[in-house]
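This report refers to the structure that appears directly beneath it.
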Number of protein chains: 2
Amino acid sequence: MGAIRWPGYEGEAHVGRYQAGIETEARIIDATRSLLAEGGLEAATLKAICDRAEVRAGSFYNLFGSKEEAILQVVREAIDAVDPDPTHAGTDTVDDLVAAYIRFFEEEPQLARIYVLAGVAGEPSDNGSRRRFLRHHETRVERFADAMVRDTGLTEQDAEVQAELLLGALDGLAVRWALDTEFAFAAYAKLARERFGTE
Amino acid sequence: MGAIRWPGYEGEAHVGRYQAGIETEARIIDATRSLLAEGGLEAATLKAICDRAEVRAGSFYNLFGSKEEAILQVVREAIDAVDPDPTHAGTDTVDDLVAAYIRFFEEEPQLARIYVLAGVAGEPSDNGSRRRFLRHHETRVERFADAMVRDTGLTEQDAEVQAELLLGALDGLAVRWALDTEFAFAAYAKLARERFGTE
DNA sequence: ACCTAATTTGAGTATACACTCAAATTAGAG
DNA sequence: CTCTAATTTGAGTGTATACTCAAATTAGGT
C-alpha cells in the first residue's frame with residue numbers, strides 16, 4: 001500500500017495519507033450511506049457505522065471530526081447526485097432533467113432515499129442544512145424553468161411557476177416511493193411531466 | 001376541580017380521573033405537538049416536553065406509558081386532522097378534498113408540519129408507523145379517486161392514477177412549504193388540482 | 001532490515017436520555 | 001373539617017451515545 005503524497009488527489013489534499021486510511025474512510029462513508037438509507041438518522045449511530053465499516057471509534061475520529069461530518073458528507077453526495085451531468089449545463093431539455101431524476105431513483109436508490117429524507121429532516125434549529133437544501137431546491141427550479149423557456153417559449157415567470165409545480169409533483173412522488181418502494185415512481189413521474197411546462 | 005367520573009367523556013374512559021390530571025395530559029400533548037412541529041423528533045426529548053408542559057418526568061409517566069406513546073398520539077392527531085369531516089363521506093368533490101387539504105395547512109400549521117414529517121420519518125425498522133402511514137395514504141388515494149369517478153365519470157383505474165398523481169403533487173408541495181413556510185402553498189395546490197382528474 | 005509516519009486499538013470519559021419509585025402534596029367528596 | 005384517591009415531586013437508575021487518548025500496530029520508503 002503506497003502513501004499518496006501529491007495534492008489534488010480526487011480534489012482533496014491528501015498529503016501524507018496512507019492508502020489504508022483512505023480505504024477506511026471510504027468504508028466509513030459506505031457504511032454511513034447504507035445505514036442512513038435503511039433507517040434514517042436514528043439508525044446511523046456511531047456504533048452502527050463503526051460496526052458496519054469494521055473499525056473502532058478511534059479510527060473513525062482519526063478520519064472525521066465528528067459523526068455529523070460523515071453524515072453531512074453523505075447528504076451532500078445525495079444532493080450532488082440528483083443533478084445531471086454539469087457538462088450539459090444550459091442545454092438540458094425538461095425531458096432530460098426528468099429522465100435524469102428518474103435515473104437517479106433507479107440507479108442510486110440509497111442516495112435517493114437519503115435525498116428524500118434530507119428534504120424534510122433538516123430542522124429549524126439546524127439552519128445550515130435546511131438553508132442548503134432550500135438553496136439546492138431553488139437552483140433546481142431555476143434550471144427546470146430555464147429548460148422550459150428554451151423548450152416552449154414560456155415567459156420566465158410562467159416557467160418558474162410550472163417548474164415549481166413539476167418539481168413539487170416529482171418530489172411528492174419521490175416521498176410516495178420512499179414510503180413503499182414498490183410504487184412505480186418512473187411511470188408516474190413521466191405522467192406528471194406531461195402536465196407541467198408543456199404549452 | 002371536579003373529578004370526572006362518568007365513562008365516555010371525550011370518547012375515553014376517565015373513571016377516577018381528576019381534572020388536574022386531565023389538564024396536565026393536555027399540556028403534555030400541546031408541548032409534544034409544538035416541539036415536534038418546531039424541531040422534529042430530535043427536539044421532542046422528554047426533558048423538553050416536561051419543561052414546556054411544566055411538569056416533572058414522574059407526572060409524565062403517570063399519564064403516558066412512554067414518550068413514544070405521547071408522540072404517536074400527536075402523529076395520529078395530525079393524520080386524523082388531514083381528513084375532512086367524515087360526515088361528508090361519499091359526497092366530497094375533488095375540489096372539496098383539495099380545499100380541505102389547503103385549509104389544514106392554513107389553520108393547523110403545527111399539525112401540517114408533523115404530518116409532512118410523519119410521511120417520511122417512519123423508518124423500515126419501525127414497521128408499525130410506516131405501514132400505518134402507507135395505509136392512510138392508500139385510503140386518501142381511494143377517496144380522491146372515488147370523488148373523481150363521481151365528478152368526471154373517469155374509470156376507476158384512470159381515477160386511481162390521477163388521484164395518485166394529484167396527491168403526489170399536493171404532498172410534494174407540502175414538503176416544499178415545510179422547507180420554507182413563505183412558499184405560497186395554497187395557490188400552487190390549486191394550480192396542481194387543475195392538472196389532474198379534470199377530464 | 002530499519003526507521004518514521006500513519007493508522008488502529010482498547011479502554012475509557014462525560015453526558016444526555018428514557019424511565020422508576022416512594023414520599024409529599026393536592027384534589028375532590030361528604 | 002376529615003379522609004381517601006389522584007397527582008406531583010425529587011432523587012435517583014441504567015444505558016446508549018458521541019467522543020478522547022495513549023499505547024500498540026501497521027504502512028510505506030529507503
Side-chain angles (χ1 to χ4, degrees), chain A residues 1-7 9 12-32 35-36 39-74 123 125-126, chain B residues 1-7 9 12-32 35-36 39-74 123 125-126:
Chain A
M1 293 189 181
I4 311 298
R5 290 197 184 274
W6 57 90
Y9 177 69
E12 298 268 354
H14 284 272
V15 182
R17 299 229 31 218
Y18 282 9
Q19 190 65 23
I22 289 160
E23 289 178 356
T24 300
E25 185 177 317
R27 282 206 321 278
I28 288 168
I29 289 294
D30 288 345
T32 306
L35 284 165
L36 278 174
L41 281 169
E42 267 185 42
T45 63
L46 186 77
K47 183 178 189 301
I49 292 168
C50 290
D51 287 349
R52 187 162 292 194
E54 297 183 319
V55 298
R56 299 291 186 278
S59 289
F60 182 99
Y61 284 103
N62 184 51
L63 295 160
F64 298 90
S66 64
K67 191 190 75 163
E68 179 82 9
E69 189 187 311
I71 284 172
L72 282 180
Q73 190 172 322
V74 171
E123 306 301 347
S125 55
D126 181 16
Chain B
M1 290 188 184
I4 311 298
R5 289 198 184 275
W6 59 90
Y9 178 69
E12 298 270 354
H14 284 274
V15 182
R17 298 226 36 214
Y18 282 8
Q19 190 65 25
I22 289 159
E23 290 180 356
T24 300
E25 186 177 315
R27 281 204 326 274
I28 288 168
I29 289 293
D30 288 346
T32 305
L35 285 164
L36 278 174
L41 281 170
E42 267 184 40
T45 63
L46 186 77
K47 182 177 189 303
I49 292 168
C50 292
D51 287 349
R52 187 162 292 195
E54 297 182 319
V55 298
R56 301 290 186 278
S59 289
F60 183 99
Y61 285 103
N62 183 50
L63 296 162
F64 297 90
S66 64
K67 191 189 75 160
E68 181 80 9
E69 186 187 313
I71 284 172
L72 283 180
Q73 188 172 324
V74 172
E123 305 300 345
S125 55
D126 180 16

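In what follows, chains are A, B, ... by sequence order, proteins preceding strands, each numbered from 1. The shown structure was predicted, so the numbers you read here are calculated from the model rather than taken from an experiment.
- Contact of the A/E25 side chain with the A/R17 side chain is registered, since non-hydrogen atoms from C-beta on lie closer than 4.5 Å.
- A heavy-atom distance below 4.5 Å is found between the side chains of A/I29 and A/F64.
- Rounding to whole angstrom units, CG of residue A/L41 and P of D/dT17 are separated by 13 Å.
- Contact check, A/T24 against C/dT8: a side-chain N or O comes under 4.0 Å of OP1 or OP2.
- A sub-4.0 Å separation between OP1 or OP2 of C/dA16 and a side-chain N or O of B/T45 is absent.
- The minimum heavy-atom distance linking A/V55 with A/S59 is given by the pair CB-CB, 3.9 Å.
- Between A/E23 atom CD and C/dT8 atom C1' the separation is 14 Å, expressed in whole Å.
- Here the closest heavy-atom approach between residue B/I49 and residue B/K67 is recorded as CD1-CG, 4.1 Å.
- For the pair A/L46 CG and D/dA16 P, the computed distance is 15 Å after rounding to whole Å.
- Contacts of residues 47-65 of chain B with DNA chain C (heavy atom under 4.0 Å): B/A57, B/G58, B/Y61.
- Each of D/dA18, C/dA18, D/dA5 was ranked by its minimum atom distance to the side chain of A/K67; first place goes to D/dA18.
- Computed from coordinates, the B/R17 CZ to D/dA5 C1' distance equals 13 Å when rounded to whole Å.
- Looking at every heavy atom in both residues, B/A48 comes nearest to B/A43 through CB-O, 3.4 Å.
- Rounded to whole Å, atom C1' of C/dT8 lies 16 Å from atom CD of A/Q19.
- The side chain of A/A20 sits closest to D/dA27 out of D/dA27, C/dC19, D/dC19.
- Taking the side chain as every heavy atom from C-beta outward, A/L41 and B/E42 approach each other to under 4.5 Å.
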